[in-house]
Every structure is written in structure tokens, then in C-alpha cells.
Amino acid sequence: MAKQERSRRTYEQFLDAAAEEFAQYGYSDANLQRVVDRTSLTKGALYGHFARKEDLAEALSGHLAAFLDELGERCAGRGLVELRSMTLEFAREVEADPRVNAGLRLMLDAAQTEPGVPGRLRWPPRSAHSASRASPDAAASGEAHPHQAGGPADLALVILVGAYVTASATDRKGLAERVAALWGAVPAASRDEGQAGP
């Protein structure tokens, strides 16, 4: 195996191990020795890729940010049905990708300790083409702007984060099912349930 390929695999192994560690323990209680123990590698190999715990956390947070950017690019609408679909897709990704799970845990942990951090999790994720597409008739029709305090985006964020922090397991299995059940309790979102699917 070429040296570059071996280095890439080592990097990936440490990110996967760190994702499990951060998802289970959060940032403050995560331990680099446990990250190493989750692999068959050495601490020196870890430090060859990540000099500090912060570097691992930043890589995982970057993975989450990339997913959210991509999700924002793909999702056009901002009504309740679209927000429901986005939160369900996000929840499924949290279950499927340990790095997204860890990135979200890190972001939520930081939101409790650092002023201004909650703004880092903009929900729904805005894409370059959709950020300025607020309907000119929205105010006239009584439709709430999705980023308005107390609006549909806040509801989506509360459903997702609430289901996440109350999950019984650190791998968040069943999160999408729980998010779908919570959305089912919102009459306006469940009205068009056939369109969005769980």
C-alpha cells in the first residue's frame, strides 16, 4: 500500500474513532487515549494527523457543516412540509453517519458553554440560491418567514434537537422515527404527510 493511501486510512480511522468518542462523551469528557484505543494505531500516529483534541473536533464539525451546506443546496422549499422532510433527512444522516452525529453533539455542547454558538446551527440550512428567496407574498398571506423567531424553522430545530438530546443511545438509532412521530403531533405538518414521507 502506498504511503499516501496508508496516511489517508489512518486519518479516516482516527476521525471515525473520535466521532464515537465525542458522540458518547461530548467534547469536555472526550479522551485522546480512548480515541487511540478505539483503533489499532499509536498515539504518535494520532498526533501525526491531529495535534490537539480541538483539531479532531474541528474536523468533525467541518463534516457536519459540509453535510448541512449540501442539504441546504438540495432543499428548495421552506414551508412546514419541506422543513419536515429536511429534519427527517438530517435525523437519518445522524443515525447513518457517526461523524455527523458527533458534529451535532459537539455543536450542541458548545452552544451550552460559548456565547453566540447557537447561531452556528442555522436551521434550515441556507443555500446561496435559497437564502434570498423569501416569498414577496409571504407577509400578505400570513405565512411565517422560516427564520423568524418562533417560526417554522424554530419548530423544526426544536423537534430535531429535542429528539436528539433525549435519545436513549449515543448512536441515536431511532432518531428519524422519533422526529417523524414528533412532526406527526404538528397538525399543519402532518396534513400533507403523503408528500413528505417518513
(request) For the residue pair L41 and T10, establish whether any side-chain heavy-atom pair is separated by less than 4.5 Å. (result) yes
(message) Suppose we screen for ring-ring contact (aromatic ring centres under 6.0 Å, His included). Which residues come up paired with H63, at least two apart in sequence or across chains?
(response) none
(message) Using only atom types and a distance under 3.5 Å, with no angle test, would you say the side chain of E89 pairs donor to acceptor with the backbone of L71?
(response) no
(request) Identify, with sequence neighbours excluded, every residue that meets side chain to side chain contact (heavy atoms under 4.5 Å, CB included) alongside E20. (result) R38
(request) Salt-bridge test for E5 and R8: reply yes if a basic N is under 4.0 Å from a carboxylate O, no otherwise. (result) yes
(message) Quick one: does any side-chain atom of K53 pair with a main-chain N or O of N31 as donor and acceptor, under 3.5 Å?
(response) no
(request) Report the distance from atom CZ of R9 to atom CD of Q4, rounding to the nearest 0.5 Å. (result) 13.0 Å
(request) To the nearest 0.5 Å, tell me how far L83 CG sits from L160 CG. (result) 11.5 Å
(request) Applying side chain to side chain contact (heavy atoms under 4.5 Å, CB included), name anything that partners T170, two or more places apart in sequence or on another chain. (result) Q24, R172
(request) Just jot down the ring-ring contact (aromatic ring centres under 6.0 Å, His included) partners of F67, sequence neighbours excluded, or say none. (result) F90
(message) With a 4.5 Å cut-off on side-chain heavy atoms, are W183 and L155 touching?
(response) yes
(message) Using every non-hydrogen atom in the two residues, find where E95 and E177 come nearest and quote the distance to one decimal.
(response) OE2-N, 4.5 Å
(message) Please report the interatomic distance CE(M107) to CG(L68), rounded to the nearest 0.5 Å.
(response) 6.5 Å
(request) Of all the heavy-atom pairs spanning A19 and A102, show the shortest one and how long it is. (result) O-CB, 3.4 Å
(request) Mark yes or no for whether Y164, through its side chain, and N101, through its backbone, hold a donor-acceptor pair below 3.5 Å. (result) yes
(request) Indicate the atoms forming the closest heavy-atom contact of T39 with A17, along with that distance. (result) CG2-CB, 3.7 Å
(message) Which label fits F14 and H49: parallel for a plane angle under 30°, tilted from 30 to 60°, or perpendicular past 60°?
(response) tilted
(request) Check the surroundings of atom CD in Q13: do more than 12 heavy atoms from other residues, nucleotides or ligands lie under 6.0 Å from it? (result) yes
(request) Provide the closest heavy-atom pair for L104 versus V94 in the form atom of the first, atom of the second, distance. (result) CD2-CG2, 4.1 Å
(message) Run V186 and I159 through side chain to side chain contact (heavy atoms under 4.5 Å, CB included) and show every step you take.
(response) CA-CA 10 Å; V186 178; I159 287 173; 4.2 Å; yes
(message) If I compare all heavy atoms of A59 with all of Y11, which pair ends up nearest, and what's the gap?
(response) CB-OH, 4.1 Å
(request) Using the rule that two of Ile, Leu, Val, Met, Phe, Trp, Tyr join whenever any of their side-chain heavy atoms come within less than 4.5 Å, decide whether L88 and L157 are in one cluster. (result) yes
(request) Work out which heavy atom in A91 is nearest to a heavy atom in A176; give both atom names and the distance. (result) CB-CA, 3.7 Å
(request) For side chain to side chain contact (heavy atoms under 4.5 Å, CB included), just list the numbers for D109 and R105, CA-CA rounded to whole Å, side-chain angles, deciding distance to a tenth of an Å, and then say yes or no. (result) CA-CA 6 Å; D109 284 355; R105 169 73 190 264; 3.1 Å; yes
(message) side chain to side chain contact (heavy atoms under 4.5 Å, CB included), that's the test. Do L108 and V161 meet it? Break it down for me.
(response) CA-CA 8 Å; L108 294 174; V161 172; 4.0 Å; yes
(request) With sequence neighbours excluded, tell me which residues meet side chain to side chain contact (heavy atoms under 4.5 Å, CB included) with R178. (result) A163, T166, L182
(request) Can you measure from CG (D16) to CD (E21) and round to the nearest 0.5 angstrom? (result) 13.5 Å
(message) Between L64 and R99, is the side chain to side chain contact (heavy atoms under 4.5 Å, CB included) condition met? List the steps.
(response) CA-CA 7 Å; L64 173 64; R99 294 178 188 183; over 6 Å; no
(message) Membership question, hydrophobic clusters at under 4.5 Å side-chain separation (ILVMFWY): are V165 and V158 in the same one?
(response) no
(request) Look at R52 together with D55 and state whether they make a salt bridge at an N to O cut-off of under 4.0 Å. (result) yes
(request) With sequence neighbours excluded, tell me which residues meet side chain to side chain contact (heavy atoms under 4.5 Å, CB included) with Y47. (result) L32, K43
(message) With rounding to the nearest 0.5 angstrom, report the CD to CG distance, E12 to L15.
(response) 6.0 Å
(message) Side chains of F22 and L56, heavy atoms from C-beta outward: is any pair under 4.5 Å?
(response) yes
(message) For the CD atom on Q33, are there more than 12 heavy atoms of other groups (residues, nucleotides or ligands in this structure) within a distance under 6.0 Å?
(response) yes
(message) If we ignore hydrogens and angles and just use 3.5 Å, is the side chain of S7 paired with the main-chain N or O of K3 as donor and acceptor?
(response) no
